[in-house]
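To start, the structure under review is shown below, and the notes come after it.
Numbering of residues begins at 1 and proceeds along the displayed sequence.
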Amino acid sequence: MSDDYKGRIGNLIRDARKHRGLTQSQLAERLSTSQSAINRIEKGHQNLSLEMLARIGAAVDSEIVAVGAGPTHLRIQGPTTLSGSIDVKTSKNAGVALLCASLLNRGRTTLRKVARIEEVNRLLEVLESLGVQTKWLNDDNDLEIVPPRDLDLSRIDEAAARRTRSVIMFLGPLLHRADSFDLPYAGGCNLGTRTVEPHMSALRPFGLEVKATDGMYHAQVNRAIEPGRPIVLTERGDTVTENALMAAALHPGTTTIRNASSNYMVQDLCFYLQKLGVDIEGVGTTTLRVTGVETIDVDVDYAPSEDPIEAMSLLAAAIVTKSSITIRRAPIEFLEIELAVLSEMGLQYEQSEEYVALNGHTRLVDIETRPSQLHAPLDKIHPMPFPGLNIDNLPFFAVIAAVAEGQTFLHDWVYENRAIYLTELTKLGGQVKLLDPHRVMIEGPTSFSGAELICPPALRPAVVILLAMLASKGTSVLRGTYVIHRGYEDLAERLNTLGANIETFRDI
């Protein structure tokens with residue numbers, strides 16, 4: 001039994017290493033050991049001390065062991081039929097962008113109903129280390145952010161910064177606060193080698209130059225350089241657009257950003273910046289004209305809109321369990337393509353009249369699902385920048401396709417290795433074939449059966465496995481679910497309110 005356990009730990013370490021994009025020799029270097037020792041560890045042929053496990057966990061940014069309280073796991077009894085109503089929570093990605101953007105404001109920012117997730121917690125730790133005061137105000141998750149007169153960039157919490165990818169969005173606001181500063185390398189949800197170069201080309205026109213060495217971004221700002229022509233983004237990325245917007249917000253003059261993302265979190269950031277007094281034309285389009293101001297010092301109150309990815313997660317939960325539930329406060333503008341594809345596949349649902357989110361802009365609806373027999377779509381399913389099918393919603397179509405009749409092709413062209421994690425559905429009885437790192441073919445319908453799996457290290461595929469477990473016969477165990485807590489608040493508990501049987505536990 002002990003050898004079997006060593007083998008499972010070895011597999012966990014190997015998967016986490018690969019997920020970080022490290023070779024065995026690179027991990028060995030980080031741990032000051034030999035490649036052959038790493039090879040033995042991954043094969044389960046090596047006794048490991050708690051100290052060594054903790055060091056490996058730090059090196060691969062994975063909660064392999066936490067002293068005092070081990071990783072959390074989920075035990076799911078299935079198959080489940082869900083019922084009842086549930087409200088969609090506010091957007092993770094908007095909340096994260098707004099926390100970074102609060103650094104632009106010298107006044108107090110109050111954000112309403114912020115997603116209380118691990119990604120937000122890490123950013124709050126980083127902000128507090130810079131001297132920012134943050135306070136949760138109530139049980140509604142309203143959050144108050146009060147910056148100091150001067151940020152102390154030398155005291156940045158490196159450990160917290162390395163555990164979130166979002167720290168790269170500090171570049172845009174901070175280039176106005178300091179002539180030079182260092183940011184630790186971003187970690188978080190590793191989905192391949194998506195480089196920082198698009199961020200650099202968006203921020204160079206504001207005088208920012210960044211050198212990456214020794215796990216740090218070393219930033220230098222040349223105040224003499226200002227945007228002289230429109231900034232054309234080489235990648236219509238959400239965080240790249242947000243960085244350019246935040247840099248433009250404190251640049252007095254008009255900056256034109258072309259090929260900008262018009263996705264939900266970018267729109268929320270635009271609405272917040274407008275409240276700060278920044279003039280922005282073209283919100284919701286791919287060309288933004290930003291007239292910035294020299295200083296921002298206002299007390300502002302803003303409510304980010306609801307999360308279309310969480311809404312899609314709940315839709316997928318209803319579909320795979322053949323359940324009738326009502327998903328309230330769904331941001332329809334960012335779900336229309338997904339619902340159109342699902343309608344083609346045979347999903348039956350009712351949709352309420354539209355109403356407006358607390359931000360005064362985003363259109364919401366209530367969606368009532370009906371148990372439906374689905375069939376594979378005629379065409380492949382692939383994501384596109386907004387207004388196309390959302391890139392983060394694509395993985396949910398894997399578990400939906402698994403319960404549909406016929407063959408479905410998914411093409412995840414954005415990320416190098418996210419599609420690979422979708423093959424984990426085979427361990428629950430799904431027929432998922434990886435055609436190449438970007439494409440999978442799924443054959444349905446599937447009768448899912450319970451199994452014990454280690455949580456994939458990427459957020460959306462991890463939730464996809466959890467949803468398949470809801471539809472699986474018998475008991476399933478999903479181990480090491482930290483990644484889900486990075487992007488969802490109390491997901492298991494909230495599914496339980498709809499009738500799921502999910503128990504959170506830790507190893508003794």
Side-chain angles (χ1 to χ4, degrees), residues 72-92 113 115-117 139-141 306-332 335 338-339 342 346-352 364-374 392-393 395-400 402-404 425 428 446-450 455 459-478 481 483-505:
T72 56
H73 317 302
L74 297 174
R75 185 180 291 113
I76 300 104
Q77 304 288 345
T80 306
T81 302
L82 305 175
S83 61
S85 302
I86 188 165
D87 286 3
V88 177
K89 287 194 177 277
T90 62
S91 152
K92 156 195 181 272
K113 297 189 175 181
R116 208 158 178 169
I117 52 174
D139 290 342
D140 285 339
N141 290 0
E306 280 68 13
D307 193 330
I309 317 303
E310 184 180 284
M312 184 67 200
S313 313
L314 296 168
L315 262 173
I319 291 165
V320 301
T321 59
K322 291 192 164 46
S323 301
S324 181
I325 64 171
T326 301
I327 301 161
R328 293 190 300 238
R329 305 188 68 79
I332 186 60
L335 288 165
E338 286 81 341
L339 284 167
L342 290 169
L347 177 66
Q348 296 175 352
Y349 66 94
E350 300 291 328
Q351 185 176 308
S352 74
L364 306 179
V365 298
D366 300 342
I367 299 168
E368 189 178 340
T369 64
R370 301 257 183 270
S372 310
Q373 292 294 327
L374 269 61
D392 282 337
N393 277 338
F396 298 111
F397 280 94
V399 71
I400 291 167
V403 299
L425 288 169
L428 297 165
T446 305
S447 293
F448 287 118
S449 298
C455 201
L459 172 57
R460 308 304 172 186
V463 177
V464 164
I465 299 301
L466 172 59
L467 299 183
M469 287 175 167
L470 289 180
S472 297
K473 288 189 196 73
T475 303
S476 297
V477 173
L478 189 57
T481 53
V483 70
I484 294 176
H485 305 303
R486 272 193 54 231
Y488 290 79
E489 185 183 346
D490 302 333
L491 180 60
E493 294 84 341
R494 292 170 67 230
L495 288 169
N496 283 345
T497 66
L498 296 172
N501 186 345
I502 306 172
E503 176 194 351
T504 302
F505 70 101

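Looking only at side-chain heavy atoms (C-beta outward), Thr80 and Leu498 stay at 4.5 Å or farther from each other. Side chains of Ser324 and Pro371 form a contact here, defined as non-hydrogen atoms less than 4.5 Å apart. The shortest distance between side-chain heavy atoms of Ile319 and Val399 does not fall below 4.5 Å. Val365 is not listed as a side-chain neighbour of Leu335, based on a closest heavy-atom distance of 4.5 Å or more. The closest side-chain heavy-atom distance from Leu339 to Leu315 is below 4.5 Å. When side chains are defined from C-beta on, Lys92 does not count as touching Tyr488, because their heavy atoms never get closer than 4.5 Å. Side-chain contact check for Phe448 versus Leu470: every heavy-atom pair is 4.5 Å or farther apart. Between Ile400 and Met312, the closest side-chain pair of non-hydrogen atoms falls below 4.5 Å.
Between Ser313 and Leu467, the shortest heavy-atom contact is O-CD1, 3.6 Å. Summarising the geometry of Pro461 relative to Pro395, their closest heavy-atom pair is N-CB, 4.4 Å, with the distance given to 0.1 Å. Looking at every heavy atom in both residues, Leu82 comes nearest to Gly499 through CD2-C, 4.2 Å. The shortest non-hydrogen separation linking Ala462 to Val483 is CB-CG1, 3.7 Å. Here the shortest heavy-atom pairing between Ala311 and Val88 reads CB-CG2, 3.9 Å. Residues Phe396 and Asp392 come closest through the heavy atom pair CE1-O, 3.6 Å.
Residues passing the salt bridge (Lys or Arg N to Asp or Glu O under 4.0 Å) test with Glu350, sequence neighbours excluded: none. Residues satisfying the salt bridge (Lys or Arg N to Asp or Glu O under 4.0 Å) test with Glu503, not counting sequence neighbours, are Arg75. Partners of Arg494 by side-chain contact (heavy atoms from CB on, under 4.5 Å), not counting sequence neighbours, listed by chain and number: Ile86, Lys89, Glu310, Asp490.
Distance CG/Leu314 to OG/Ser85: 11.5 Å, rounded to 0.5 Å. Ile465 CD1 to Leu428 CG: the interatomic distance, rounded to the nearest 0.5 Å, is 6.0 Å. In this structure, the separation between CD1 on Ile117 and CG on Leu491 is 11.5 Å, given to the nearest 0.5 Å. In this structure, CG in Asn141 is found 5.0 Å from CZ in Arg116, a value given to the nearest 0.5 Å. Thr72 contributes atom OG1, which lies 3.5 Å from atom NE2 of His485 (distance to the nearest 0.5 angstrom). To the nearest 0.5 Å, atom CD of residue Glu493 and atom OG1 of residue Thr504 are 5.0 Å apart.
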Practice task
Determine, step by step, whether Thr81 and Thr321 satisfy the side-chain contact (heavy atoms from CB on, under 4.5 Å) criterion, reporting the C-alpha distance in whole Å, the side-chain angles of both residues, the deciding distance to 0.1 Å, and the verdict.
Solution key: CA-CA 6 Å; Thr81 302; Thr321 59; 5.9 Å; no

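A distance-only check finds a donor-acceptor pair linking the side chain of Thr369 to the backbone of Ile325 [under 3.5 Å]. A donor-acceptor pair is defined here as one N or O able to donate and one able to accept, closer than 3.5 Å; no such pair exists between the side chain of Ser476 and the backbone of Ile76. Using a distance-only test at 3.5 Å, with no hydrogens or angles considered, no donor-acceptor pair links the side chain of Asp366 to the main chain of Ser352. Although no hydrogens or angles enter the test, the distance criterion places no donor-acceptor pair under 3.5 Å between the side chain of Glu306 and the main chain of Pro331.
The number of heavy-atom neighbours closer than 6.0 Å to NZ of Lys113, taken from other residues, nucleotides and ligands shown, is 12 or below.
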